[in-house]
Amino acid sequence: MKKFLSILLVLALTLSMFCVASAEGKKVGVAMPTMDLQRWIQDGENMKKQLEAAGYVVDLQYANNDVATQVSQIENMLLDEVEVLVVASIDGGALGTVLQQAKDAGVAVIAYDRLLTGTEYVDYYTTFDNYKVGQIQGQYVVDKFDLANTDKTYTIEFTAGSPDDNNAGLFFAGAFDTLKPYLDNGKLVCVSGQTQFETVATPAWNSATAQARMDNILAGYYADSLTGGQTLDICLCSNDSTALGVTNSLVAFGYTAENIPVITGQDCDIANTKNMVKGLQAMSVFKDTRALAEATVKMVGEILSGAEVTLNATYANGVKDVASFNCTPVFADVNNYTELLIESGYYTAEQLAE
Ligand code: BGC
C-alpha cells in the first residue's frame, strides 16, 4: 500500500511539473479584425501556431471588420476565462467598456499591431515601427528619383489608410515628413493639391475605395497623361490593399508595366508581390508576421509568469503612454523578394507563381 501511494505521488509530481512547463493550458484570446486581408490571416495562423506550441489554449476570432462583432467576441473570450487578450482592433478607439471588463477580471490586454486608443485599459502593445514604415516608403521615392540632386520636377499623389487606425497616421507622417523638403522646394508637386491625411485617407483600407478615388484624380488632373499632357510619376500608397486599388485604376486607365507611375506599398501581400514581379508595383515593406507573433507570444509568457516584460518603445494613445515592443520593418522589391519571402519560408514559390 505504501509503495502504491509513493508511486502515485511520483506520478502526480511528474504531471504537475509537465503542466508548469507547458503553460498549464492557460487560455489566450486572439481577436483579429478581418479575413479579407491576407496579412491578418497570416497573423492569426502564426499566433495560434506559436501559442499552441508553447502550451496555451487559443481562442482565435475574426470580426469581419465589424466593431460590434469584435466587441461581442471579446466578451465571449472573457466569459470563457482567457487570461490574456491579444487584440488587433478594427477601430482602435471603439472597444470602450469591454476593455474595462477585462481589467476588472484581471485579464492582461495586449494591443496587437494596431494601438488601442483613448483608453487606460490596455497594458502593452506589440507592433512594427509604424513611422519607420512610412519613412522607408518616402526614402525609396527620394532615392529612386535622386531628389537630393535632380533639377527635374516630379508629380506625386498620396493615398493613406483608414482614419480609425492609429497606424495609418503614423505611416503617412513617416512618408510625408521624408518627402516634405522636396514638396517645399518644388522638386515634388502634388497636382491635385491633396496632401492632408484626412483628404487622402481610405476608410477601412478598402481597395475599391482607393481605386475610385484614383479614378477621380486621373480624370480630374491627369486626363491627358498618356497622350502628352500632365504626367503622373509617383503614387505614394500607405499599404498593399490601397496600392492594389490604385494600380487597378491606373491599369484600367491604360497604364502598363512600361509606363506606370512608381507605386509604394506595405505588407508584401501575394497579389502585390506578383505585381512587383510584373513591374506594376515598385516596392513594398515586409513586416514578417512570424516575428510579430513571436514577440507577442514571448510577451504573453512574460506577463503570465510575472517576468520582466521585454519592451523597446512607447506609443501615446491619448490617455497614456503604452509600453510597447517594436519589430523592424524591411524594404522589399523585385530584387530581394525571393530571399525575403520564398527562401525564408513565408510563401512558397507556387503561391507567387502566376
Ligand atoms: C497594418 C497594415 C495593414 C493595414 C490594413 C494596418 O494596421 O499595420 O499592415 O496593411 O492595417 O489592414
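Salt bridge status for K187 with D151: absent, with no side-chain N to carboxylate O gap under 4.0 Å.
For N149, the side chain to side chain donor-acceptor pair (under 3.5 Å) partners two or more places apart in sequence, or in a different chain, are D146. A search for salt bridge (Lys or Arg N to Asp or Glu O under 4.0 Å) contacts involving K274 returns nothing, not counting sequence neighbours.
At distances below 3.5 Å, not a single donor-acceptor pair connects side-chain atoms of D224 with backbone N or O atoms of T227. Checked by atom type and distance alone, the side chain of K320 pairs as donor or acceptor with a backbone atom of V122 at under 3.5 Å. S225 places no side-chain N or O within 3.5 Å of a backbone atom of T231 that could act as its donor or acceptor partner.
Taking the six-membered ring for Trp and the full ring otherwise, the centers of Y337 and F286 sit at least 6.0 Å from each other. Remark: aromatic rings of Y140 and F331 are close, center separation under 6.0 Å.
Pairing each heavy atom of I234 with each of F145, the nearest pair is CG1-CE1, 3.4 Å. Shortest non-hydrogen contact noted between Y346 and L340 is CB-O, 4.5 Å. When all heavy atoms of Y124 and M299 are compared, the closest pair comes out as CB-SD, 3.5 Å. Heavy-atom minimum distance, L232 versus P261: O-CG, 3.3 Å.
A perpendicular orientation is assigned to the rings of Y125 and Y315, their planes being inclined by more than 60° (bins at 30° and 60°). Ring-plane geometry between F158 and F172 is classed as perpendicular, the angle between the planes exceeding 60 degrees on a 0 to 90 degree scale with a lower cut at 30.
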Quick one: side chains of residues 76-90, donor-acceptor pairs under 3.5 Å with protein atoms, not counting sequence neighbours, listed by atom name and distance.
| from | atom 1 | to | atom 2 | distance (Å) |
| --- | --- | --- | --- | --- |
| N76 | ND2 | S72 | O | 3.4 |
| D80 | OD1 | K27 | NZ | 3.4 |

Pair up each side-chain donor or acceptor in residues 48-55 with any protein partner under 3.5 Å, not counting sequence neighbours, and list the distances.
| from | atom 1 | to | atom 2 | distance (Å) |
| --- | --- | --- | --- | --- |
| K48 | NZ | E52 | OE2 | 2.8 |
| Q50 | OE1 | E294 | N | 3.2 |
| Q50 | NE2 | R290 | O | 3.3 |

Using atom types as modelled, flag every donor-acceptor pair under 3.5 Å from a side chain in residues 91-108 to any protein atom, sequence neighbours excluded.
| from | atom 1 | to | atom 2 | distance (Å) |
| --- | --- | --- | --- | --- |
| D91 | OD1 | G93 | N | 3.0 |
| Q100 | NE2 | Y121 | OH | 3.4 |

Solution key, residues 235-251 side-chain donor-acceptor pairs under 3.5 Å, sequence neighbours excluded:
| from | atom 1 | to | atom 2 | distance (Å) |
| --- | --- | --- | --- | --- |
| N239 | OD1 | S241 | N | 3.2 |
| N239 | OD1 | S241 | OG | 3.2 |
| N239 | OD1 | T242 | N | 2.9 |
| N239 | OD1 | T242 | OG1 | 2.7 |
| N239 | ND2 | S241 | OG | 2.9 |
| D240 | OD1 | Q266 | N | 2.9 |
| D240 | OD1 | Q281 | NE2 | 3.0 |
| D240 | OD1 | S284 | OG | 3.2 |
| D240 | OD2 | C268 | N | 2.8 |
| D240 | OD2 | D269 | N | 2.9 |
| D240 | OD2 | S284 | OG | 3.2 |
| S241 | OG | W205 | O | 2.8 |
| T242 | OG1 | N239 | N | 3.4 |
| T242 | OG1 | N239 | O | 3.0 |
| T247 | OG1 | A243 | O | 2.6 |
| N248 | ND2 | L244 | O | 3.3 |
| S249 | OG | D215 | N | 3.3 |
| S249 | OG | D215 | OD1 | 2.7 |

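Annotation: side chain of Q137 is in contact with side chain of V133 (closest heavy-atom distance under 4.5 Å).
N167 and N130 form a side-chain donor-acceptor contact under 3.5 Å, judged by distance and modelled atom types alone. With hydrogens and angles left out, the side-chain atoms of T338 and E343 include no donor and acceptor closer than 3.5 Å.
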